[in-house]
Amino acid sequence: MKAELIDKAYEIAKARYAELGIDTEKVLNQMQDFHLSLHCWQADDVTGFEVQAGQLTGGIQATGNYPGKARNIDEVRADILKAKSYIPGTHRLNLHEIYGDFQGKIVDRDEVTPEYFQSWIEWGKENSMKLDFNSTSFSHPKSGNLSLANPDKSIRDFWIEHTKRCRAIAEEMGKAQGDPCIMNVWVHDGSKDITVNRMKYRELLKDSLDQIFETKYDNMKDCIESKVFGIGLESYTVGSNDFYIGYGVSRQKMITLDTGHFHPTESVADKVSSLLLYVPELMLHVSRPIRWDSDHVTIMDDPTTELFQEIVRCNALNRVHYGLDYFDASINRIGAYVVGSRAAQKSMLRALLEPLDTLRKYEAEGKNFERLALLEEAKAMPWNAVYDEFCLRNNVPVGNEFIADIEKYEADVLSKRA
């Protein structure tokens with residue numbers, strides 16, 4: 001009976017959107033091509049699987065200690081598949097280097113090779129999840145405050161070699177899955193207090209990146225990510241937004257926009273149209289900043305919705321890639337995956353359902369009242385009925401049905417983890 005009601009609601013929504021010139025069937029097809037890159041680190045609070053793993057460092061932290069954290073590679077994979085079963089569509093998995101299948105071996109970061117990710121490549125194929133990748137400069141004895149910008153040549157060379165090897169791994173991933181693996185470079189480098197050597201560190205970072213990107217690959221894409229500051233590195237960030245925009249434009253690299261890496265009142269959506277004039281593609285890391293880069297679970301708030309609207313308004317669906325990046329350890333981690341992923345999807349759906357042709361016509365004709373009125377009315381259109389239909393067609397729970405099932409998984413599986 002519930003499926004019948006969902007279909008009825010959808011048919012009403014379909015007719016209402018048709019009055020605005022919007023084909024909801026076309027939008028549903030577009031949603032099938034909207035692939036989120038799920039971040040593996042939500043499952044275990046950015047711990048990873050290195051034998052020599054230590055405390056989380058590098059200006060980041062996970063807060064909370066909710067029961068059921070994944071303790072090994074099998075549990076991380078099980079949790080990701082469980083979350084995936086509640087998210088309509090097909091999606092990717094974003095791995096950090098520290099999540100390699102090291103099988104009890106001590107493998108330092110400058111020694112890592114594709115063999116330690118072969119099981120991930122096979123797992124991805126088995127579960128229809130293509131892989132993306134990240135180098136890992138934090139939580140290591142040689143991390144300190146500076147990695148790729150370190151004046152100590154031996155330490156800098158260590159991280160250059162690590163990042164080069166990560167690119168080689170990403171190339172093998174892309175080759176195996178027949179689709180480019182997107183490899184993100186983010187380093188925490190900065191200073192807690194005043195520095196008088198800003199230029200020196202940025203020169204070093206620029207040189208390190210040039211060395212890292214010397215080798216050209218066909219099956220992976222590079223992206224570079226800025227940040228405002230990190231915990232314990234509040235005064236200065238080497239890889240600032242200005243630095244990476246300059247580097248990305250000059251080297252034609254994809255730029256990563258992390259929604260938590262800007263001032264709280266800054267509009268990340270407004271950056272899309274400017275950057276797409278100068279760089280080939282963008283990568284998104286979508287989270288919910290509260291006060292700063294707190295990495296709360298993504299919700300369908302105004303900044304997230306506006307970000308996706310801007311991508312659609314820029315006709316840039318084929319030039320933007322979509323990842324999530326939060327690690328909330330204060331709530332059920334699988335639930336966090338599902339809430340954040342579905343919120344991102346709802347934001348994109350609303351953007352695709354916007355009566356853009358009419359809005360553009362009003363704007364071109366100077367009909368500003370009409371434009372504002374239609375923007376407001378669009379907020380109240382039955383987009384949720386279209387999302388319910390999207391879930392139904394993908395055989396995943398509709399509405400809040402997933403809550404009870406995740407609670408059962410917690411009782412049956414997560415609660416038994418020490």
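The model shown is predicted, which means the values in this text are computed figures rather than measured ones.
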Engineer: Is a donor on one side and an acceptor on the other found under 3.5 Å between the side chain of R165 and the backbone of V112?
Structural biologist: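 Yes; judged by distance alone, with no hydrogens or angles, the pair exists.
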Engineer: Which heavy atom in V228 sits nearest to a heavy atom in H263, and how many Å separate them?
Structural biologist: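 Nearest pair, atom of V228 first, then H263: CG2-N, 4.3 Å.
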Engineer: Rounded to the nearest 0.5 Å, what separates atom CG in L257 from atom NZ in K271?
Structural biologist: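 NZ of K271 is found 7.5 Å from CG of L257.
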Engineer: Look at the side chain of R417 and the backbone N and O of P67, then say whether any donor-acceptor pair between them is shorter than 3.5 Å.
Structural biologist: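 Checked: no pair found.
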Engineer: Any side-chain donor paired with an acceptor under 3.5 Å for S208 and R156?
Structural biologist: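 Yes, a side-chain donor-acceptor pair sits under 3.5 Å.
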Engineer: Please check if atom NZ in K192 has more than 12 non-hydrogen atoms from other residues, nucleotides or ligands closer than 6.0 Å.
Structural biologist: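 At most 12 heavy atoms, drawn from other residues, nucleotides or ligands, come within 6.0 Å of this atom.
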Engineer: Answer with yes or no whether the side chains of S240 and R198 bring together a donor and an acceptor at under 3.5 Å.
Structural biologist: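 No donor-acceptor contact under 3.5 Å links the two side chains.
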Engineer: Count the heavy atoms of every other residue, nucleotide or ligand shown that sit under 6.0 Å from CD1 of I194, and state whether that count exceeds 12.
Structural biologist: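 Incorrect, the count does not exceed 12.
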Engineer: Do E11 and D7 come close enough that some side-chain heavy atom pair is under 4.5 Å?
Structural biologist: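 When only atoms from C-beta onward are counted, D7 and E11 do not touch, as no gap falls below 4.5 Å.
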Engineer: Name the residue from D45, D44, D79 that meets the salt bridge (charged side-chain N to carboxylate O under 4.0 Å, His left out) definition with R333.
Structural biologist: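 One option only clears the test, and that one is D45.
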Engineer: Pairs in or reaching into residues 274-288: which pass salt bridge (Lys or Arg N to Asp or Glu O under 4.0 Å), with residues at least two apart or in two chains?
Structural biologist: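 Residue pairs passing salt bridge (Lys or Arg N to Asp or Glu O under 4.0 Å), neighbours aside: K221-E281.
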Engineer: When you check the side-chain N and O atoms of H285 and T256, is any donor under 3.5 Å from an acceptor?
Structural biologist: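 Their side chains do not contain a donor-acceptor pair, so the 3.5 Å distance test is not met.
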Engineer: Work out which heavy atom in A170 is nearest to a heavy atom in M183; give both atom names and the distance.
Structural biologist: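 Here A170 and M183 meet closest at CB-CB, 3.8 Å.
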Engineer: Please determine which of L28, T24, V312 meets the side chain to side chain contact (heavy atoms under 4.5 Å, CB included) test together with L352.
Structural biologist: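 Filter result, single survivor: V312.
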Engineer: Compare every heavy atom of L38 with every heavy atom of L93, then report the nearest pair and how far apart it is.
Structural biologist: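 For L93 and L38, the tightest heavy-atom pair comes out as CD1-O, 3.3 Å.
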Engineer: Drop me the distance from Y236's OH to T195's OG1, to the nearest 0.5 angstrom.
Structural biologist: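 Going from OH on Y236 over to OG1 on T195, the span is 6.0 Å.
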Engineer: Would a distance-only check, ignoring hydrogens and angles, find a side-chain to backbone donor-acceptor pair under 3.5 Å from E97 to S135?
Structural biologist: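 Side chain of E97 to backbone of S135, a donor-acceptor pair under 3.5 Å: no, none is there.
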Engineer: Hey, is CD on E377 packed in by over 12 heavy atoms from elsewhere, all under 6.0 Å?
Structural biologist: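 At most 12 heavy atoms, drawn from other residues, nucleotides or ligands, come within 6.0 Å of this atom.
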Engineer: Treating N127 as the side-chain partner and M129 as the backbone partner, does any N or O pair qualify as donor plus acceptor under 3.5 Å?
Structural biologist: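 Side chain of N127 to backbone of M129: no pair is present.
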Engineer: Examine distances only and state if a side-chain atom of R360 and a backbone atom of R313 form a donor-acceptor pair shorter than 3.5 Å.
Structural biologist: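 The answer is yes, because a donor-acceptor pair under 3.5 Å joins these two groups.
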Engineer: Looking at Y217, F117, Y116, W120, which hits ring-ring contact (aromatic ring centres under 6.0 Å, His included) with F133?
Structural biologist: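 Result: among Y217, F117, Y116, W120, F117 is the only option passing the ring-ring contact (aromatic ring centres under 6.0 Å, His included) with F133.
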Engineer: Parallel, tilted or perpendicular, judged at 30° and 60°: which one describes the rings of H140 and F158?
Structural biologist: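 Geometry flag for F158 against H140: tilted rings.
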Engineer: Would you say the side-chain atoms of R350 pair up with the backbone N or O of W383, donor to acceptor, closer than 3.5 Å?
Structural biologist: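 No: the side chain of R350 does not pair with the backbone of W383.
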Engineer: With a 3.5 Å cut-off and no angle check, do the side chains of S137 and H188 form a donor-acceptor pair?
Structural biologist: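 Yes, H188 and S137 have a side-chain donor paired with an acceptor closer than 3.5 Å.
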Engineer: Given 3.5 Å as the limit, does a donor-acceptor pair link the side chain of Q211 with the main chain of I160, or not?
Structural biologist: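 Such a contact is absent between Q211 side chain and I160 backbone.
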Engineer: Which value, rounded to the nearest 0.5 Å, describes the distance between L414 atom CG and K69 atom NZ?
Structural biologist: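 Between atom CG of L414 and atom NZ of K69 there are 13.5 Å.
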Engineer: Mark yes or no for whether W159, through its side chain, and K142, through its backbone, hold a donor-acceptor pair below 3.5 Å.
Structural biologist: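 Checking the backbone N and O of K142 against the side chain of W159, a donor-acceptor pair under 3.5 Å is found.
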Engineer: Any salt bridge linking K379 with E376? Criterion: basic side-chain nitrogen under 4.0 Å from a carboxylate oxygen.
Structural biologist: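 Between E376 and K379 there is a salt bridge, with a charged N closer than 4.0 Å to a carboxylate O.
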Engineer: Tell me whether the centres of the aromatic rings in H91 and Y337 are closer together than 6.0 Å.
Structural biologist: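 No, the ring centres sit 6.0 Å or more apart.
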Engineer: Any chance the side chains of W41 and N94 put a donor and an acceptor closer than 3.5 Å?
Structural biologist: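 No, N94 and W41 have no side-chain donor paired with an acceptor closer than 3.5 Å.
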Engineer: I'd like to check the ring pair (Phe, Tyr, Trp, His ring centres under 6.0 Å) partners of Y17; sequence neighbours left out, ordered by chain and number.
Structural biologist: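 By the ring pair (Phe, Tyr, Trp, His ring centres under 6.0 Å) rule, Y17 matches no residue at all.
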Engineer: Has E401 got a side-chain atom pairing as donor or acceptor with V398's backbone, closer than 3.5 angstrom?
Structural biologist: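 Indeed, once roles are kept as given, a pair shorter than 3.5 Å links the two residues.
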Engineer: Please determine, by modelled atom types, if N394 and Q32 share a side-chain donor-acceptor pair under 3.5 angstrom.
Structural biologist: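 Side-chain D/A pair, N394 to Q32: present.
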Engineer: Any chance the side chains of D302 and T305 put a donor and an acceptor closer than 3.5 Å?
Structural biologist: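 No, no side-chain donor-acceptor contact under 3.5 Å.
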Engineer: What are the two closest non-hydrogen atoms of H296 and Y326, and how far apart are they?
Structural biologist: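 Minimum heavy-atom contact is O-CB, 3.5 Å.
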Engineer: Can E122 and K125 be counted as an ion pair, charged N to O under 4.0 angstrom?
Structural biologist: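 So E122 does not pair with K125 through a salt bridge.
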Engineer: In terms of ring plane angle, is the pair F34 and Y322 parallel, tilted or perpendicular, where the classes change at 30° and 60°?
Structural biologist: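 Perpendicular: the ring planes of F34 and Y322 meet at over 60°.
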Engineer: Where the side chain of T298 meets the backbone of V286, is there a donor-acceptor pair that is under 3.5 Å apart?
Structural biologist: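 It does hold such a pair.
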Engineer: What's the spacing between L205 CG and N150 CG if we round to 0.5 Å?
Structural biologist: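 The CG atom of N150 is 11.5 Å from CG of L205, to the nearest 0.5 Å.
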Engineer: Once you round to the nearest 0.5 Å, how far does CD1 of I80 lie from NZ of K84?
Structural biologist: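 One gets 11.0 Å once the value is rounded to the nearest 0.5 Å.
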Engineer: Do S330 and D328 have a side chain donor and acceptor closer than 3.5 Å?
Structural biologist: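 A pair is found: one side chain offers a donor N or O, the other an acceptor, under 3.5 Å apart.
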Engineer: Could you check whether S147 and D189, counting side-chain N and O atoms only, form a donor-acceptor pair closer than 3.5 Å?
Structural biologist: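 Yes, side-chain donor-acceptor contact under 3.5 Å.
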Engineer: Within this structure, what is the CG-CD distance for the pair L349 and Q30, rounded to the nearest 0.5 Å?
Structural biologist: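 Here the interatomic distance stands at 10.0 Å.
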Engineer: Assign the ring pair F138 / H96 to parallel, tilted or perpendicular, where the plane angle (0 to 90°) is split at 30° and 60°.
Structural biologist: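 Rings of F138 and H96: perpendicular, as their planes differ by over 60°.
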Engineer: Would you say the side-chain atoms of N134 and Y99 include a donor-acceptor pair closer than 3.5 Å?
Structural biologist: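 The criterion, which ignores hydrogens and geometry beyond distance, is not satisfied for Y99 and N134.
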Engineer: Identify the two heavy atoms, one from L131 and one from R92, that lie closest to each other, and give their separation to 0.1 Å.
Structural biologist: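 Taking L131 first and R92 second, the nearest heavy atoms are O-NH2, 3.6 Å.
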Engineer: Can you establish whether the number of heavy atoms outside K253 located under 6.0 Å from its atom NZ is more than 12?
Structural biologist: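 Counting neighbours around NZ of K253, more than 12 heavy atoms of other residues, nucleotides or ligands fall under 6.0 Å, so yes.
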Engineer: Check step by step if side-chain contact (heavy atoms from CB on, under 4.5 Å) holds for L282 and R319.
Structural biologist: CA-CA 6 Å; L282 298 177; R319 295 179 61 196; over 6 Å; no
Engineer: Going by an N to O cut-off under 4.0 Å, is there a salt bridge joining E171 and R167?
Structural biologist: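 Result for this pair is no, no salt bridge flagged.
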Engineer: A side-chain contact here means heavy atoms from C-beta on lying under 4.5 Å apart; do D222 and V185 qualify?
Structural biologist: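 Counting from C-beta outward, D222 and V185 never come under 4.5 Å.
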